[in-house]
Amino acid sequence: MALDRRGYLQIPQGTEGFYLDEAYRHRMLTTEVEQLLFRWGYLPAQTPVFDYYDAYAALLSEEEARKIYRLIDRDGDLLMLRWDITLFLAKQMGMILREDDLPVRVCYADTILRHQNREDISKNEFFQTGAELIGTNTLDADLEVILLLRRALQQIGVPLYYIHIGSRALFNASFGRMPKTAQQRLRRAIVLRDMQTLSTVSSERGVPAARISALRQVFSFIGDSQELERLAGALQSALLESELQQIQRLQQLHATLGRADETAPYRIDLSEIGSQSYHTGVVFQAYVDGLDTSIAAGGRYDGLYGTFGLDVPAVGFSIMLRKLQDDTDVDARFVPPVAEQAAGDDFVQRFRDAENRRRDGGSVVL
Amino acid sequence: MRRPTEPPLTIAVPKGRLHDQVRELFERCGLAFDFAARKLVAEDRGGMVRLMLVKNSDVPVYVNHGIAGLGVCGDDVLYETAFDCFRLLTFPFGGTRMCLAARRDHDPNQDHGRLRVATKFTRFAHDFFHQRGIPVEVIRLGGSVELAPVLGLAPYIVDLVETGSTLAANDLVVTEELERISVHLIANPAYYKFRYAQVDRLVQRLEPCIVAQGVKDESTTG
């Protein structure tokens with residue numbers, strides 16, 4: 001029976017396919033990034049496509065849980081499709097790693113499956129390439145991962161971009177003692193730079209007006225390490241010691257990035273507090289001129305592995321490579337080879353001719 | 001002023017009355033636009049801002065997809081699209097109220113604990129009543145929502161109310177004000193992050209004019 005062309009021949013929302021020339025370019029781009037990650041000492045990992053939902057349920061916010069595709073296996077267990085590679089990787093690596101193995105550098109390139117708003121194709125992204133440094137919580141580890149992302153974006157050929165660096169630890173220092181619901185409202189307000197809601201929620205929780213004013217200035221800040229130092233100096237009396245420590249850590253990180261990478265496209269952005277509920281420390285996102293969403297995101301998640309039995313820190317990032325394909329010179333760099341026809345009177349002759357020419361790097365069809 | 005290497009900021013503005021009010025405000029801030037006949041895009045003479053005239057409900061769509069980096073948009077439209085945009089400023093005009101209204105002679109006892117509501121704002125109506133634990137049936141309408149109670153489609157409507165004259169003309173009354181609606185300068189988050197300094201300069205330029213107009217409006221209405 002023929003398929004109903006109006007319905008089943010469409011691809012459901014939340015996945016995509018790409019073919020031939022486009023798939024070739026994507027594969028080449030992914031390989032190029034992977035080669036870079038290998039040179040930095042990162043080895044590949046492959047995570048399962050689905051896993052038990054209950055293993056991750058406690059780590060998911062209400063909003064995250066809504067985006068996950070769930071299914072029930074034949075034994076009645078609830079499963080979830082891989083919606084975020086970091087989560088799946090944490091469980092798998094947590095099971096196989098021992099303390100003696102650390103630190104470990106892992107990279108991945110794989111599909112993710114999550115629900116997307118039918119009317120919001122701008123957020124559609126179903127392929128993540130990334131890296132994780134597991135087992136160390138030093139500033140050097142944060143620097144390594146941010147610089148690796150920077151090198152990856154250079155390698156891909158992204159023309160103009162900025163990496164915005166913030167801190168979930170700073171948010172936790174400011175609001176970590178508030179009830180979960182207040183924290184959720186504040187997180188959303190800060191991410192959306194909605195300082196009015198930050199004031200409202202803080203005021204409801206009895207925060208004094210002078211401190212609210214300081215928090216508004218802190219969490220709307222974007223600039224460099226000197227500008228942040230000036231802001232922290234001006235607000236010193238209104239900020240907590242733990243907040244000043246996190247600010248100082250970011251200043252140090254930014255200053256070191258500037259010394260290591262002179263054409264530094266780095267900005268301190270304290271409204272960056274991490275897109276995932278498991279983030280704990282430094283967090284960052286990369287923004288490209290002309291693209292409607294960030295194209296890479298990452299951060300530190302020191303509590304995530306502990307959930308799965310191995311209590312070690314980790315930091316990593318993932319790049320949304322598909323978004324970048326239109327914005328780089330990928331089309332010109334990765335032209336699929338045009339296969340030539342093998343010569344010969346019969347199949348064996350054509351086969352031998354093709355083998356010879358393939359040995360010289362040619363692409364030949366029989 | 002725009003720096004020589006910066007492309008103009010792009011702002012999607014709804015056609016109609018809001019467009020006139022936005023242009024008036026921008027002109028007071030030194031940003032004048034000349035739209036050629038039938039053209040929907042115009043740049044100010046200093047090349048700082050490019051305005052794009054689009055349908056009101058399409059403003060967040062253009063902004064979300066980065067076609068326009070900024071937009072002028074009410075809370076009502078923004079809520080229906082569910083896009084996450086930054087709200088950079090609140091304008092002193094375009095404010096209104098989202099209200100529940102019914103026929104003057106409607107008896108709430110006939111609702112039997114369940115609301116039947118006709119509206120253009122289906123997401124808002126659905127969420128508003130669900131969050132309060134009130135069972136609701138929402139019927140989507142494209143316009144002339146006031147007719148729904150008159151013709152018997154639904155006893156209630158959820159709609160924007162400014163003066164209330166349209167309601168009164170159809171023998172309807174506001175039974176509850178659900179939300180205050182303001183008009184904002186919104187931004188695509190990635191666009192803002194990339195050009196924050198340039199966008200902030202525009203915001204700083206508009207802010208004094210907005211404050212001045214707000215004060216003027218208060219003294220006029222007060």
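Everything numeric in this text was worked out from a predicted model, so none of it was measured. Lettering follows sequence order; numbering is per chain, from 1.
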Between A:Arg188, A:Met195, A:Gln285, the one whose heavy-atom pairs under 4.5 Å with chain B are most numerous: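 Most heavy-atom pairs within the cutoff with chain B belong to A:Arg188.
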Nearest atoms (heavy-atom pairs only) where A:Ser294 meets B:Ala190: N-CB, 4.2 Å
Shortest non-hydrogen contact between B:Phe194 and A:Tyr161, atoms and distance: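 For B:Phe194 and A:Tyr161, the tightest heavy-atom pair comes out as CE1-CA, 3.8 Å.
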Note, A:Asp292 side chain near B:Asn64 side chain (heavy atom, < 4.5 Å):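 Heavy-atom side-chain distance check fails, nothing below 4.5 Å.
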Sub-4.5 Å side-chain heavy-atom contact between A:Gln196 and B:Thr90: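 The answer is no, as the side chains (C-beta and beyond) never meet within the 4.5 Å cut-off.
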Taking atom [atom1] of [X] as the centre, does the number of heavy atoms from other residues, nucleotides or ligands within less than 6.0 Å exceed 12?
| X | atom1 | result |
| --- | --- | --- |
| B:Arg17 | CZ | no |
| A:Arg70 | CZ | yes |
| B:Tyr62 | OH | no |

Exam field: side chain A:His164 to backbone B:Lys193, donor-acceptor pair closer than 3.5 Å: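 Checking the backbone N and O of B:Lys193 against the side chain of A:His164, a donor-acceptor pair under 3.5 Å is found.
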Is [X] close to chain B through its backbone or its side chain, or both, or neither, when contacts mean heavy atoms under 4.5 Å?
| X | result |
| --- | --- |
| A:Leu160 | both |
| A:Leu291 | backbone |
| A:Asp194 | neither |

Evaluation steps, side chain to side chain contact (heavy atoms under 4.5 Å, CB included), between B:Arg195 and A:Asp289: CA-CA 9 Å; B:Arg195 292 186 167 73; A:Asp289 190 18; 2.8 Å; yes
Set of residues satisfying side-chain contact (heavy atoms from CB on, under 4.5 Å) with respect to B:Thr10, sequence neighbours excluded: B:Arg50, B:Met52, B:Ala68, B:Tyr191
Chain B contact residues among residues 215-233 of chain A, heavy-atom distance under 4.5 Å: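 Hits under 4.5 Å: A:Ile222, A:Gly223.
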CZ on A:Arg193 to OH on B:Tyr192, rounded to 0.5 Å: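 Rounded to the nearest 0.5 Å, the OH-CZ separation comes to 4.0 Å.
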